Amino acid sequence: RISIVNKIGFVVSLIMVTAIALLYFYNMERWAKLPELGFAFRSATGLDVIGGVTDAGHKAGMKIGDRIVKMNGASPQSMEEFRKIRNYDQGGENRYLLEHQGTLIEVVVKNKPLGFAKVFMRCGFNYITGLCYIIVGILVFLMKPYYKASTIFYLFCITFGSLIFFLYRSGEIKPYWFNTVHIFLYSFSPALFLHLALAFPERRMIIVSYPRLQIVPYILSALLFIGIR
């Protein structure tokens, strides 16, 4: 017999993962209307170094490795400051003072909408891959509904599949609390990887003998989530 709690849990999880997919798609549509930045950052080199250049940046004269001295007359020290200083107006422009091979040059990047095609090329394939994980998880669950192995596989697929959505983004995530969902998925996917390895397709002897061992990865993930958040 399947308890009403299990049925409600499955329906609620479906609603949640559908909401995540729709909200991320909303962000993709919103990014398509944003002006193209002209370049990209790399976490290894920081916010003041150009890590990649788009067509708009090439036309303006940007090169990979150039250091941003000023943007619109100011020197942003964080991503928040960068977003405040940046001009987002359609038809507007952003002026950069760059250090290129020891010399200072000024470049101007005209604001032009990214367009959905460019956003999809950057984010869409991850989005489709994540949806495939989610669909496979649902199908496997429906073949053996509410069995432990199929339930764990389903939870893994919807969590990891949703995480794949966030692997690349073309702008700031909105609303702000949606970033917390990303951190949650990032933190709990490793626990589900371990649980899946221990319980799918059949439970390993170690968790048959010590069933409480299954809880340990989730405790560690919870600590990771709290620490990052």
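Only this structure's heavy atoms are used, side chains among them; waters, hydrogens and symmetry mates stay out. Note that the coordinates shown come from a computational prediction; the quantities given were computed from them, not determined experimentally.
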Engineer: Contact between Arg86 and Pro76 at the side-chain level, heavy atoms closer than 4.5 Å - yes or no?
Structural biologist: no
Engineer: Is it true that a side-chain atom of Asn72 and a backbone atom of Ile85 form a donor plus acceptor pair closer than 3.5 Å?
Structural biologist: yes
Engineer: Should we say atom CE of Met79 is surrounded by more than 12 heavy atoms from elsewhere, each under 6.0 Å from it?
Structural biologist: yes
Engineer: Test your reading of the model: is there a side-chain donor-acceptor pair from Arg204 to the backbone of Ala197, 3.5 Å cut-off?
Structural biologist: yes
Engineer: Should the ring pair Tyr146 and Phe141 be called parallel, tilted or perpendicular, given that the plane angle runs from 0 to 90° and is split at 30 and 60?
Structural biologist: perpendicular
Engineer: Quick check: closest heavy atoms across Val107 and Leu98, and the distance to 0.1 Å?
Structural biologist: CG2-CD1, 3.7 Å
Engineer: Tell me if a side-chain donor or acceptor on Ser209 pairs with a main-chain N or O of Ile206 at a distance below 3.5 Å.
Structural biologist: no
Engineer: Within the side chain of Ser150, is there an N or O that forms a donor-acceptor pair under 3.5 Å with the backbone of Tyr147?
Structural biologist: yes
Engineer: Atom NZ of Lys148 and atom CD of Glu202: how far apart are they, to the nearest 0.5 Å?
Structural biologist: 14.0 Å
Engineer: Between Asn179 and Tyr176, is there a donor-acceptor pair closer than 3.5 Å when you use the side chain of the first and the backbone of the second?
Structural biologist: yes
Engineer: Going by the angle between their ring planes, with limits at 30° and 60°, are Tyr96 and Phe39 parallel, tilted or perpendicular?
Structural biologist: perpendicular
Engineer: Mind telling me whether His182 and Tyr186 have parallel, tilted or perpendicular rings, with 30° and 60° as the class edges?
Structural biologist: perpendicular
Engineer: Quick test of your reading of the model: are Glu36 and Lys112 salt-bridged, counting only N-O distances below 4.0 Å?
Structural biologist: no
Engineer: Does some side-chain heavy atom of Lys63 sit less than 4.5 Å from a side-chain heavy atom of Ile50?
Structural biologist: no
Engineer: Answer with yes or no after comparing the ring centroid distance for His195 and Tyr218 against a 6.0 Å cut-off, counting only values under it.
Structural biologist: yes
Engineer: Are the side chain of Gln214 and the backbone N or O of Pro211 linked by a donor-acceptor pair below 3.5 Å?
Structural biologist: yes
Engineer: Indicate whether the side chain of Asp89 and that of Asn111 have a donor and an acceptor atom separated by less than 3.5 Å.
Structural biologist: no
Engineer: Applying side-chain hydrogen bond (donor to acceptor under 3.5 Å, both in side chains) to Tyr133 and Ser162, what does each step give before you reach the verdict?
Structural biologist: CA-CA 8 Å; Tyr133 266 92; Ser162 298; over 6 Å; no
Engineer: How long is the straight-line distance from CG of Leu155 back to CZ of Phe160, given to the nearest 0.5 Å?
Structural biologist: 15.0 Å
Engineer: Kindly say whether Cys123 contributes a backbone atom to a donor-acceptor pair with the side chain of Tyr168 at under 3.5 angstrom?
Structural biologist: no
Engineer: Grouping I, L, V, M, F, W and Y whenever their side-chain heavy atoms are under 4.5 Å apart, do Phe165 and Trp177 come out in a common cluster?
Structural biologist: yes
Engineer: Identify the two heavy atoms, one from Arg83 and one from Tyr88, that lie closest to each other, and give their separation to 0.1 Å.
Structural biologist: O-CE1, 3.3 Å
Engineer: Walk me through it: do Trp31 and Asn27 pass the test side-chain contact (heavy atoms from CB on, under 4.5 Å)?
Structural biologist: CA-CA 6 Å; Trp31 294 333; Asn27 275 276; 3.9 Å; yes
Engineer: For Ile158, run the side chain to side chain contact (heavy atoms under 4.5 Å, CB included) check against Ile135, Val136, Val17, Leu14 and tell me which one passes.
Structural biologist: Val17
Engineer: What distance separates Asp48 CG from Arg67 CZ, expressed to the nearest 0.5 Å?
Structural biologist: 6.0 Å
Engineer: Enter the distance from Ile15:CD1 to Ile8:CD1 here, rounded to the nearest 0.5 Å.
Structural biologist: 10.5 Å
Engineer: Please walk me through it: do Tyr24 and Ile173 pass side-chain contact (heavy atoms from CB on, under 4.5 Å)?
Structural biologist: CA-CA 8 Å; Tyr24 194 86; Ile173 291 285; 4.1 Å; yes
Engineer: What's the shortest heavy-atom distance between Ser189 and Leu163, and which atoms?
Structural biologist: OG-CD2, 3.6 Å
Engineer: Considering only heavy atoms from C-beta outward, does the side chain of Ile68 approach that of Val49 to under 4.5 Å?
Structural biologist: no
Engineer: For residues Arg122 and Thr54, report the shortest heavy-atom separation together with the two atoms involved.
Structural biologist: NH2-CG2, 3.7 Å
Engineer: Give, for atom CD1 of Ile152 and atom CG of Leu198, the distance between the pair rounded to the nearest 0.5 Å.
Structural biologist: 8.5 Å
Engineer: Are the side chains of Met62 and Val109 in contact, using a 4.5 Å heavy-atom criterion?
Structural biologist: yes
Engineer: Between Asn87 and Glu93, is there a donor-acceptor pair closer than 3.5 Å when you use the side chain of the first and the backbone of the second?
Structural biologist: yes
Engineer: Looking at Phe166 and Phe178, what are the two nearest heavy atoms and their distance?
Structural biologist: CZ-CZ, 3.6 Å
Engineer: When you measure from the side chain of Gln90 to the backbone N and O of Lys33, does any donor-acceptor pair fall under 3.5 Å?
Structural biologist: yes
Engineer: Write down the atom of Tyr127, the atom of Ala21, and the distance for their closest heavy-atom approach.
Structural biologist: OH-O, 2.8 Å
Engineer: Any side-chain heavy-atom pair from Ile183 and Phe225 closer than 4.5 angstrom?
Structural biologist: yes
Engineer: Verify, without hydrogens or angle tests, whether Ser221 (side chain) and Ser187 (backbone) share a donor-acceptor contact under 3.5 angstrom.
Structural biologist: yes
Engineer: Would you indicate whether Phe120, at its atom CZ, is surrounded by more than 12 heavy atoms from other residues, nucleotides or ligands within a distance under 6.0 Å?
Structural biologist: yes
Engineer: Does Ile64 belong to the same Ile/Leu/Val/Met/Phe/Trp/Tyr cluster as Leu47, with side-chain heavy atoms less than 4.5 Å apart forming each link?
Structural biologist: yes
Engineer: Can you tell me how far apart OG1 (Thr159) and CD1 (Ile134) are? Round to the nearest 0.5 Å.
Structural biologist: 9.0 Å
